[in-house]
Trainee: 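Would you mind keeping the following structure in view while I ask a few things?
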Amino acid sequence: MTERPVPAPTRPRVLSGIQPTADSFHLGNYLGAVRNWVALQETHDTFYCVVDLHAITAGHDPALLRQRTRVGAAQLLASGLDPDRCTLFVQSQVPEHAQLAWVLSCITGFGEASRMTQFKDKSAKQGADRSSVGLFTYPVLQAADILLYQADAVPVGEDQRQHLELTRDLAHRFNTNYGPTFVVPAPYILKETAKITDLQQPTAKMSKSASSPAGVVDLLDEPAKSAKKIKSAVTDTGREIIFDPVDKPGVSNLLTIYSALDGRSIETLVGAYDGKGYGDLKKDLAEVLVAWVGPIQERTKTYLDDPAQLDKILAIGAEKARSVAEATLHRVYERVGFLAPASRS
C-alpha cells in the first residue's frame, strides 16, 4: 500500500529527468521518453528536471555543461513540455536535492549501493580507481530526486528499474525508522513506449555511448545528415518488409521509428510496403524524419536565441519545485532530529 503522509495532489504525480551530457538529444530519447512526458502533462502532476548534478559524476567541462543544460531545456520545451502545465527545472537550482541525498546516503548500506549494476558496468569500463564517489552514490541522489517531490510514479525503462527499487527500499526504511514521510513510488511502465535501437547495430539500444555515430540520429543534426543515416541503416537478409524484431531487427527498427513519427500502425505500414524493397522504406522514412524534426529544431533555436528568457522559464520552474522540495526536506530534517534554524530577528 502506498504510504502518503501529506494530502494527495488532485492528479497523481510523476517525476523524471534527463542528463545534459550531449549536444543534442537523440531519437531514442525523444520516442522512448520525452514524447511520453509530453502526454503525461494531460493526466498527471508532472515534474521534469535537467539533472546536471548527475552529469558531473564522471568528469566534465564547466562551460560545456552550462551550454548543454540550456540546450537540453530548450529541446524539452521545443518538444512540447509546457511550463504552464508541468514543473520544468534544473536540478542544481534546487539545493534540496543534494541535502536530501546526504540524509538518504546515511541509511543506505554500502553493500546495496555496491550491487547497483550501472555502477559496476561503468566502473568496469573506466577502472575502479578512476570512478568517483559521486558515480557510486548516483542512485542515492536519484532516490532523493524522486522522494523530494513525493512522486507517486516514475516512468522507467529496464535499465533504471533497479535504481527505482532502491528508492522504494529507502522510502520504506525512512518511514519505518522515523515515521511516515515519503510516498513510496511505483514504476510507471508505458506499454506503448517505442523501443528504438541503433541504426548500425539494431540489436542494441540507441545510445549516446554508441560505438558508431552513424547509428544515432540526433534531434539537432542537420536534416540531410539524419536522412543519410536512415538511408545507410543496417537492414536484414532478404527483401521482404515484415515486423520481426528477432529475425529482422534492422527493418523492424525502421518500421518502429516510421510508425512513431508518422502515426500509422506498424501493421498498416507493412501492408503499404508489400512488394517494395528496403530502399523504398528508407527513402520514405528519411523524408518523414526531416519533415518531423524541422519544427523541433526551429523551436529549439528560438529558445536558445533568447537565453535570458530561457533562464527565466527555468528560474520559475525551480521556484515551483522548491515550494514542494522545501516542505519535504523540512519534514525530513525534523524527523531525523536536526535543530530548526533560529530566527535572526
Side-chain angles (χ1 to χ4, degrees), residues 16-38 50-51 54-55 58-61 64-65 67-76 78-80 118 121-122 125-126 155-160 193-236 245 248-262 278 281-301 304:
S16 201
I18 193 165
Q19 285 199 47
T21 51
D23 294 320
S24 171
F25 296 156
H26 58 68
L27 196 58
N29 295 141
Y30 177 83
L31 296 178
V34 176
R35 181 178 63 163
N36 297 310
W37 294 5
V38 174
V50 181
V51 289
H54 289 292
H60 72 289
D61 175 271
L64 190 57
L65 174 63
Q67 170 63 13
R68 285 175 169 176
T69 299
R70 284 199 179 99
V71 170
Q75 287 176 94
L76 291 174
S79 297
Q118 281 198 334
D121 292 346
K122 290 181 179 180
K125 290 179 182 178
Q126 63 191 45
V156 291
E158 282 302 318
D159 58 339
Q160 293 294 328
T193 296
K195 293 179 174 61
I196 308 302
T197 60
D198 190 290
L199 296 180
Q200 294 300 310
Q201 295 180 291
T203 56
K205 179 181 176 181
M206 185 177 286
S207 168
K208 60 179 177 289
S209 60
S211 57
S212 169
V216 179
V217 176
D218 286 326
L219 295 191
L220 301 184
D221 266 347
E222 286 293 328
K225 183 178 180 181
S226 296
K228 183 178 180 180
K229 289 181 179 181
I230 293 292
K231 292 175 182 177
S232 302
V234 168
T235 43
D236 315 286
K248 284 183 171 286
V251 72
S252 296
N253 186 42
L254 295 177
L255 286 167
T256 299
I257 295 171
Y258 204 148
S259 176
L261 299 183
D262 179 77
Y278 295 155
L281 176 66
K282 290 180 179 181
K283 175 180 175 294
D284 292 347
L285 175 55
E287 292 176 357
V288 167
L289 174 64
V290 168
W292 170 82
V293 80
I296 291 179
Q297 291 186 349
E298 291 174 10
R299 291 193 294 269
T300 300
K301 183 178 184 301
L304 292 175

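For this chain, numbers begin at 1 and follow the sequence in order. Source: prediction; values computed, not measured. These values consider heavy atoms only, across backbone and side chains, with no hydrogens, waters or symmetry-generated copies.
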Trainee: Which atoms form the tightest heavy-atom contact between H60 and L65, and what is the distance?
Mentor: CD2-CD2, 3.7 Å
Trainee: How close do K283 and K231 get, heavy atom to heavy atom, and via which atoms?
Mentor: CA-CE, 4.5 Å
Trainee: Looking at T197, is its backbone amide N or carbonyl O close enough to the side chain of N253 to form a donor-acceptor pair, meaning the two atoms are under 3.5 Å apart?
Mentor: yes
Trainee: Considering only distance and modelled atom types, tabulate donor-acceptor pairs under 3.5 Å from the side chains of residues 25-33, sequence neighbours left out.
Mentor:
residue: H26; atom: ND1; partner: G28; partner atom: N; Å: 3.0
residue: H26; atom: ND1; partner: N29; partner atom: N; Å: 3.1
residue: H26; atom: NE2; partner: N29; partner atom: ND2; Å: 3.4
residue: N29; atom: OD1; partner: H26; partner atom: N; Å: 2.9

Trainee: Under the side chain to side chain contact (heavy atoms under 4.5 Å, CB included) rule, what do I18 and V51 come out as? Steps first, then yes or no, please.
Mentor: CA-CA 6 Å; I18 193 165; V51 289; 5.7 Å; no
Trainee: Please answer whether the main-chain N or O of L219 pairs with a side-chain N or O of Q297 as donor and acceptor at a distance below 3.5 Å.
Mentor: yes
Trainee: Any non-hydrogen side-chain atom of L254 less than 4.5 Å from a side-chain atom of K282?
Mentor: yes
Trainee: Which atom pair, heavy atoms only, marks the closest approach of P245 to S252?
Mentor: N-OG, 3.3 Å
Trainee: So for atom CD, which belongs to E222, do other residues, nucleotides or ligands contribute more than 12 heavy atoms lying within a distance under 6.0 Å?
Mentor: no
Trainee: Please say which of D262, I257, V217, D284 ends up in a side chain to side chain contact (heavy atoms under 4.5 Å, CB included) with L289.
Mentor: V217
Trainee: Distance from I230 atom CD1 to K225 atom NZ, nearest 0.5 Å?
Mentor: 13.5 Å
Trainee: Does any part of the side chain of S24, heavy atoms only, come nearer than 4.5 Å to the side chain of Q75, both counted from C-beta?
Mentor: yes
Trainee: Are the charged groups of R68 and D23 less than 4.0 angstrom apart, N to O?
Mentor: yes
